[in-house]
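Small disclaimer: the values here were computed from a predicted structure and weren't measured. Residues take their numbers from the sequence shown, with the count starting at 1.
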Amino acid sequence: MRPNLDEVADDMIAEIQGRVREYDRPGDGPYSGTLRLAVERVLHHFVERVADPAHEPGDLADFFRAIGRGESGEGRSLDAMQSAMRVGGMVAWRRIADGAAALEVDPRTLGAVGEALMLVQDELAAAAAEGYAQAKAAVAGEMQRRRKRLLDLLFADPPAAPEAIADLAAAAAWPVPRTVAAVALGRPPAGSHHPAFPPDVLSDLTRRTPSLIVPDPDGPGRARLIDRALAGTHAVVGPTVPVAEAARSVQWARKTLALVDRGVIESDGGVVRSVEHMSTLILFQDEDLISSLAALRLAPLAHLRVSQQDRLAETLLAWLQSGRNANEVAMRLHVHPQTVRYRLRQLEELFGDQLLDPDQRFDLEIVLRARALLASGAGEHLLATVHEAVGETGEIVSLRR
């Protein structure tokens with residue numbers, strides 16, 4: 001076969017161009033030249049392989065890795081190249097079989113030559129697939145880096161210029177939406193797998209607080225899509241905002257996540273949405289301020305035992321929330337009305353005229369709501385502050401309505 005390699009190469013190229021549409025480019029000099037070079041190098045390697053089964057593909061494997069990378073760079077699959085290799089292999093085997101029949105080659109020798117042909121095809125196909133995968137991984141890695149930079153830009157405070165966002169979004173193949181919502185994720189348990197997100201969701205799970213940007217979160221079906229994507233994760237969705245205000249959405253998502261972690265905001269294991277807890281977020285926006293207000297307004301409870309403080313604070317909050325109706329307080333707290341009236345008399349003696357003032361009642365409800373929301377460990381901070389305040393008493397007002 002060695003003396004006829006040029007003729008065999010011509011037959012292989014003609015057959016490949018006739019049967020594989022992607023290679024039918026007779027007028028494309030560089031493309032045809034690359035095809036001829038590949039065919040000739042494969043044939044010479046095959047002949048060397050038959051003569052020496054230990055002969056390694058070496059540079060030829062690198063050549064096919066480069067072909068695989070080139071196919072990836074052109075946005076094509078490896079299907080055409082693999083078809084071309086099969087067609088070329090059939091042509092080569094046909095010539096080998098014809099020559100073997102004419103020379104009456106021993107069947108075992110012919111079988112060994114056929115095996116060598118298949119091994120060469122497999123090795124070169126594997127090299128091309130490896131180069132293809134390398135190129136795909138490099139492109140995906142660069143795209144992911146661009147998307148992480150875009151996420152940084154969207155979370156910047158003060159906001160980045162719209163032009164800068166648009167340019168980086170185009171480079172990251174991310175269509176700029178009208179609105180977005182940020183998502184803050186808690187750290188997954190060790191050994192758990194990261195969730196998979198739709199391709200239009202920007203994500204960076206390597207941050208201290210893993211974060212996402214969800215485009216058009218209020219669009220049709222988007223809420224269900226978000227819930228499905230985040231199922232089984234510890235996730236908080238921030239408010240929907242214009243793209244330029246993504247930093248505000250992620251800030252509220254992170255604050256909400258911190259309160260969920262503390263137990264202030266309850267989570268049943270599903271996705272938590274910041275907009276459903278805005279009043280709680282407002283309450284805990286400045287805890288020092290809330291503590292100071294609690295020390296002022298709850299000072300009348302300071303001299304009592306903690307258990308008494310808890311009972312009276314719970315009763316006072318229920319009274320304020322129920323329109324100051326003692327019977328409704330009893331139903332809320334699941335205690336006898338007489339018990340409620342007894343506690344209300346104590347509150348009258350402790351708070352006096354403060355309970356007649358709408359502004360002070362409003363302050364009381366704020367600090368009592370915060371107190372009720374806090375977990376027991378965190379709640380001690382407020383109570384410790386109150387304990388240091390000086391108790392006050394005033395005139396009795398009627399609470400036992």
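Side-chain contact check for Asn327 and Arg341: at least one donor-acceptor pair (N or O, by modelled atom type) lies under 3.5 Å. There is no side-chain donor-acceptor pair under 3.5 Å between Ser211 and Asp204. For the 3.5 Å distance criterion, the side chains of Ser72 and Arg69 fail to qualify, holding no donor opposite an acceptor. Donor-acceptor pairing under 3.5 Å is lacking for the side chains of Gln354 and Arg297.
The structure places NZ of Lys255 at 14.0 Å from OG1 of Thr280, a figure rounded to the nearest 0.5 Å. Interatomic distance, CZ of Arg311 versus CG of Leu347, reported as 11.5 Å (0.5 Å rounding). Distance check, rounded to the nearest 0.5 Å: CZ of Arg146 to CG of Leu202 gives 14.0 Å. Taking CZ from Arg207 and CG from Leu212, the interatomic distance works out to 10.0 Å, rounded to the nearest 0.5 Å. For the atom pair CZ (Phe284) and CD1 (Ile290), the distance works out to 7.5 Å, reported to the nearest 0.5 Å. Rounded to the nearest 0.5 angstrom, His277 NE2 and Leu373 CG are separated by 10.5 Å.
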Audit row: Arg49, Glu123, salt bridge (charged side-chain N to carboxylate O under 4.0 Å, His left out) steps and yes/no: CA-CA 12 Å; Arg49 186 68 167 268; Glu123 289 170 355; 2.7 Å; yes
Arg361 and Glu365: CA distance, side-chain angles, deciding distance, salt bridge (charged side-chain N to carboxylate O under 4.0 Å, His left out) verdict: CA-CA 6 Å; Arg361 287 201 303 268; Glu365 186 166 355; over 6 Å; no
Pair Arg149-Asp152, salt bridge (charged side-chain N to carboxylate O under 4.0 Å, His left out): steps then yes or no: CA-CA 5 Å; Arg149 291 199 297 271; Asp152 290 336; over 6 Å; no
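The shortest non-hydrogen separation linking Ala184 to Thr209 is CB-CG2, 4.0 Å. Between Gly68 and Leu78, the shortest heavy-atom distance links the atoms CA-CD2, 4.2 Å. Across all their heavy atoms, Gln309 and Leu304 have their closest contact at NE2-O, 3.1 Å. Ala169 approaches Leu150 most closely through the heavy-atom pair CA-CD2, 3.8 Å. The minimum heavy-atom distance between Ala372 and Leu317, with the atom names listed, is CB-CD2, 4.0 Å. Smallest separation of non-hydrogen atoms from Ala313 and Leu301: CB-CD1, 4.4 Å.
At least one side-chain heavy atom of Arg345 sits less than 4.5 Å from a side-chain heavy atom of Glu348. Taking the side chain as every heavy atom from C-beta outward, Leu283 and Arg369 approach each other to under 4.5 Å. The side-chain heavy atoms of Phe155 and Ile213, taken from C-beta on, include a pair separated by under 4.5 Å. Residues Phe197 and Val214 fail the side-chain proximity criterion, which asks for heavy atoms closer than 4.5 Å. Between Val236 and Trp252, every side-chain heavy-atom pair lies at or beyond the 4.5 Å cut-off. Using a 4.5 Å cut-off on side-chain heavy atoms (C-beta onward), Val8 and Leu43 make contact. The shortest distance between side-chain heavy atoms of Gln17 and Leu35 falls below 4.5 Å. Between Leu316 and Leu355 the shortest side-chain heavy-atom distance falls below 4.5 Å.
Checked by atom type and distance alone, the side chain of Ser249 pairs as donor or acceptor with a backbone atom of Pro239 at under 3.5 Å. A donor-acceptor contact shorter than 3.5 Å is absent between the side chain of Thr179 and the backbone of Pro242. Checked by atom type and distance alone, the side chain of Glu15 never pairs as donor or acceptor with a backbone atom of Met90 at under 3.5 Å.
Salt-bridge formation is not detected for the pair Lys136/Glu130: no Lys NZ or Arg NE/NH1/NH2 atom is positioned less than 4.0 Å from an Asp or Glu carboxylate oxygen. Asp261 has no carboxylate O lying under 4.0 Å from a charged side-chain N of Arg254, or vice versa, which leaves the two without a salt bridge. Asp216 has no carboxylate O lying under 4.0 Å from a charged side-chain N of Arg222, or vice versa, which leaves the two without a salt bridge. A salt bridge links Glu142 with Arg145: at least one charged nitrogen is closer than 4.0 Å to a carboxylate oxygen. Salt bridge absent: Asp59 and Arg41 never bring a charged side-chain N and a carboxylate O closer than 4.0 Å. For Arg248 and Glu245, the salt-bridge test passes: some basic side-chain N is under 4.0 Å from an acidic carboxylate O.
Counting non-hydrogen atoms of other residues, nucleotides and ligands closer than 6.0 Å to CD of Gln308 gives a total above 12.
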